[in-house]
Amino acid sequence: ADELMKTMSASPGSTAAYWSHELYRGPRGEKISVYYGRSLKTSENVAQFFLGKPLLGFDMEWRPNATKSSGTKANVSLIQLACEDRIGLFHLALHRGDSVEDIMPPTLRKILESQDVAKVGVAILADYTRLQKHLGIQPSGLIELSHLHNLVMYSGSRPEMVTRKMVSLANQVQSHLQLPLYKGTVRTSDWGKELNHQQVVYAANDVYAGFRLYHVLESKRLAMNPVPPQPDFAERG
DNA sequence: TGATGTGATTGTTGAAACCG
DNA sequence: CGGTTTCAACAATCACATCA
């Protein structure tokens, strides 16, 4: 816990705080729960917590330098989901077996492929491509936060800057959630082995940041006059 | 008719930025 | 680093109107 507070409360030599999901509370004031699925069975149970939610944060981790041929678990090591009060970490790389049925929880698959569940994140199309290529699944209902960011930042003043150009998650968190997002070496660590505390916190932060970011961006969009239309889904049909 | 120009659409290629 | 996406620049293509 000391280690956690250290990484999340201040950068070396300063008192500045970092953005964290632990700064938030659920609808009844409770802390955000983080569920870590290490087996297919547990992950399937965790995925069921997210059934029926209309909008989820979505993110993925994979092994840095993973090449096309380094295998499914190296290319899709961890999948994360977030709703208001829960974060789910699905560690596919730890699930026993190598076939898609062995490592992909059916409910998670259903959620990802459902058009009725919006999934929000940054660089979400690249995640889509990875899931399609390495697991043969067809996600839909994907919302790219960079599009929404560009829309609320520029549609009033510089419409020509409303593009699909990528804006990093860290920059968006800084702009809309006030605090910097911790950037360390965790990001490029080995996501194939059982996660340490730092990795759990990082993975949870990333996906929850996307969820919170969406709501801030969306309320900014709705406050505009005139209200610009929502961007298209990222997967384009 | 046949040749030529215009405008819109489609395709390719490379740089820059993002992801892990 | 390897893999992806996006945009701009440029080329190629096509429909079709115009002109000698």
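Sequence lines set the chain letters: A, B, ... in the order given, protein chains first and strands last, and positions in each chain run from 1. FYI, side chains are in, hydrogens and waters are out, and symmetry mates aren't considered; it's all heavy atoms of this structure.
Proximity of A:Lys68 to the phosphate of C:dT4: a side-chain N or O atom is located under 4.0 Å from OP1 or OP2. Between A:Tyr202 and B:dG20 there is a side-chain polar atom (N or O) within less than 4.0 angstrom of OP1 or OP2. Within the structure, a side-chain polar atom (N or O) of A:Thr67 is placed less than 4.0 Å from OP1 or OP2 of C:dG3. Close to C:dT5, at under 4.0 Å from its OP1 or OP2, lies a side-chain N or O of A:Thr129. Phosphate contact (OP1/OP2 of C:dT6, side-chain N/O of A:Arg164, threshold under 4.0 Å): present.
Between the CG atom of A:Asn150 and the P atom of B:dC18 there is a distance of 12 Å, given to the nearest Å. Whole-Å rounding puts the A:Gln132 CD to C:dG3 P distance at 17 Å. Spacing between atom NE2 of A:His147 and atom C1' of C:dC7 amounts to 12 Å, rounded to whole angstrom units. Put simply, CG on A:Asn65 is 15 Å from C1' on C:dT4, counting in whole angstrom units. Look at OH on A:Tyr128: it is 20 Å from C1' on B:dG20, rounded to the nearest Å. In this structure, CD1 of A:Ile124 is placed 17 Å from C1' of C:dT6, rounded to the nearest angstrom. For A:Met161 and B:dA17, the CE to P distance is 13 Å, given to the nearest whole Å. In this structure, A:His134 atom NE2 and B:dC19 atom C1' are separated by 13 Å, rounded to whole Å.
The aromatic rings of A:Phe49 and A:Tyr35 sit tilted relative to each other, their planes meeting at an angle between 30° and 60°. Note: A:Tyr182 and A:Tyr18 have perpendicular aromatic rings, judged against thresholds of 30 and 60 degrees for the angle between ring planes. Taking the six-membered ring where the residue is Trp, A:Tyr154 and A:His149 present perpendicular rings, their angle passing 60° and hence far from 30°.
Among the protein residues, A:Asp190 comes within range of no part of the nucleic acid, since none of its heavy atoms lies under 4.0 Å from any strand. Using a 4.0 Å heavy-atom criterion, one finds that A:Asp206 contacts the sugar-phosphate atoms exclusively. Residue A:Ser77 is classed as having no contact, given no heavy-atom separation below 4.0 Å to the nucleic acid.
Note on A:Val186: it clusters hydrophobically with A:Leu195, by side-chain heavy-atom contacts below 4.5 Å among ILVMFWY residues.
Considering only the side chain of A:Leu169, B:dC19 comes nearest among C:dC7, B:dC19, C:dT4. The side chain of A:Pro64 sits closest to B:dG20 out of C:dT6, B:dG20, B:dC19. Of the listed nucleotides (C:dT4, C:dT6, B:dC19), C:dT6 has the atom at the smallest distance from the side chain of A:Lys165. Considering only the side chain of A:Val122, B:dC19 comes nearest among C:dT6, C:dT4, B:dC19.
The pair A:Glu218-A:Arg221 meets the salt-bridge criterion, with a side-chain N (NZ, NE, NH1 or NH2) lying under 4.0 Å from an Asp/Glu carboxylate O.
If you check distances only, the side chain of A:Arg187 does reach the base of B:dG20 with a donor-acceptor pair under 3.5 Å.
Shown here is A:Glu30, whose CD atom has more than 12 heavy atoms of other residues, nucleotides or ligands within 6.0 Å.
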